[in-house]
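One structure is given here, and the rest of the page talks about it.
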Amino acid sequence: MKRLRILIASGLIASPCLAQDLSKVPPANYDESKIKPYTLPDPLQFNDGRKVGSAKDWPARRSELLETVTREMFGRMPKEPVEISADTPLIKKGALGGLAKRKLVTLHLKRNGKDVPVELLIYTPSQATGKVPIFMGLNFNGNQAVTNEADIPLTKSWMRPNKNNSVIQNRATEKLRGSEATRWQVEKILKNGYGLVTIYYGNIDPDFDDGFHNGVHSLFRDPSQKGRSDDEWGSVGGWAWGLSRSLDYLQNDTDIDASKVAVIGHSRLGKASLWAGISDPRFALVIANNSGCGGAAIERREIGETVFRINTAFPHWFSQNFRKYNQNEDKMPFDAHSLVALVAPRPVYIASAEKDTWADPKGEFLSAVGADPVYRLLTGDGIPVKEMPALSTPVMGQLGYHIRPGEHDVVAYDWDQFIAFADKHLKSK
Ligand code: GTR
């Protein structure tokens, strides 16, 4: 324990979250033939066994399913309002070689004498004549990592350590500038007529298990409070909630069409974008990239990362109730397809990568298939195929999916598909 504290203090390991005891977690299975037979709960069946007969019944079924997923998985977000104010935006015209208008906006989320600053990096196309649709998502390495622009301030928030010493004592260094540029493809986004709003996720809630006292949790908790109730929110809930509060602010941004916001996230932030899209119907479109366990991948398959593993390695991400399903997925009254269905009728795009077996690409595809009946009922459209498409063969109905070659990441190819999907659903509106 002492050695652990020294390592944490030295920044060599991030926090207690990286020191969870994983010894009881069985090694990951990657063999399809070892998957136990399972039946997915029917999203179109009420808890009392009645079936959803028509689209008219869906809102009632949706609200009980949402209640179940909230209580059992992501945890409840606070209902109490917070005060949101913004510093005067710092505006730069002709950013990115003339392509963009850039705005840096610091929001202040305030409650009970606490103030959580959240910094928005906003790019909109220079040539835009009116409000534009946007992609909006959290980033891993700070706003200064999203492009190579030298004048975006380094984030001051807590950061997980990384391998190449670009984070020192849990704070960003200049080495991180531009480090996520390939993941954001800002030029492509702008040239296709979209804006981008991005926020460092650690602004909203630092990604370690601090007992829920820092980040946005601090706005709602007494510092003396210990632990949390079984259905209370965790960090994924915090990140999604922070996206919603930022969307509150964007309602009045004169450059942005707040009715056309595609919320996007990768990996743990893909879990957050999915939950944001579920919990806040103002998000017009949802993209979950390589979101895996706790995101779009069917948990009952227990391939790659499992519920037990994720709740052990990241005890702060989900509600405590979610731990009931450690090695007990069959008892879940929902699965990842239910999460996708909860976004219906709004479009969802799920993206996988061939080598990202930890996130279970097939399980990610199957959640679109499992949500399809809900989409068909509400919109007459769903996922166009029932079999997993071949590599680099995107399918796009009201639900979309692709798997591309390569690793766990977001690359230009992914953005080509996200933009095509957004063109289909947001531009045509
Ligand atoms: C892994 C985690 C995944 C995914 C990933 C990421 O450690 O097991 O669920 O969230 O991190 O966010 O990069």
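Note that these values count all heavy atoms, side chains included, but never hydrogens, waters or copies made by symmetry. When a ligand or atom number is given, it counts from 1 through the structure's own listing order.
The nearest heavy-atom contact from the protein to atom 4 (C) of ligand 1 is S267 OG, 3.0 Å. Here the protein heavy atom with the shortest distance to atom 12 (O) of ligand 1 is R268 NE, 2.5 Å. Closest to atom 7 (O) of ligand 1 among all protein heavy atoms lies F314 CZ, 3.4 Å.
What you find for T198 and N143 is that their closest heavy atoms are O-OD1, 3.5 Å.
D414 and R183 are not joined by a salt bridge, as no carboxylate oxygen comes within less than 4.0 angstrom of a charged side-chain nitrogen. In summary, D372 and K386 engage in a salt bridge, as defined by a charged side-chain N under 4.0 Å from a carboxylate O. Between E354 and R404 no salt bridge is recorded (no basic side-chain N to carboxylate O distance below 4.0 Å).
Under a 4.0 Å heavy-atom criterion, H408 is in contact with ligand 1. Judged by the shortest distance from any of its heavy atoms, K271 lies inside the 4.0 Å radius around the atoms of ligand 1. By the 4.0 Å heavy-atom criterion, W317 is counted among the residues contacting ligand 1.
The shortest N or O to N or O distance between H266 and ligand 1 is not under 3.5 Å. Any N or O atom pair closer than 3.5 Å counts here, and E305 shares at least one such pair with ligand 1. For ligand 1, the polar-atom distance check finds an N/O of W358 within less than 3.5 Å of one of the ligand's N/O atoms.
For CD of E387, the number of neighbouring non-hydrogen atoms (other residues, nucleotides, ligands) closer than 6.0 Å is 12 at most.
For the pair R268 and F314, the cation sits on the ring face: its NZ or CZ lies under 6.0 Å from the ring centre, inside 45° of the axis.
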Inset, instruction - Please assess Y349 against F418 for the test ring-ring contact (aromatic ring centres under 6.0 Å, His included), listing each intermediate value before the final yes or no. - result: CA-CA 7 Å; Y349 196 86; F418 302 157; 5.7 Å; yes
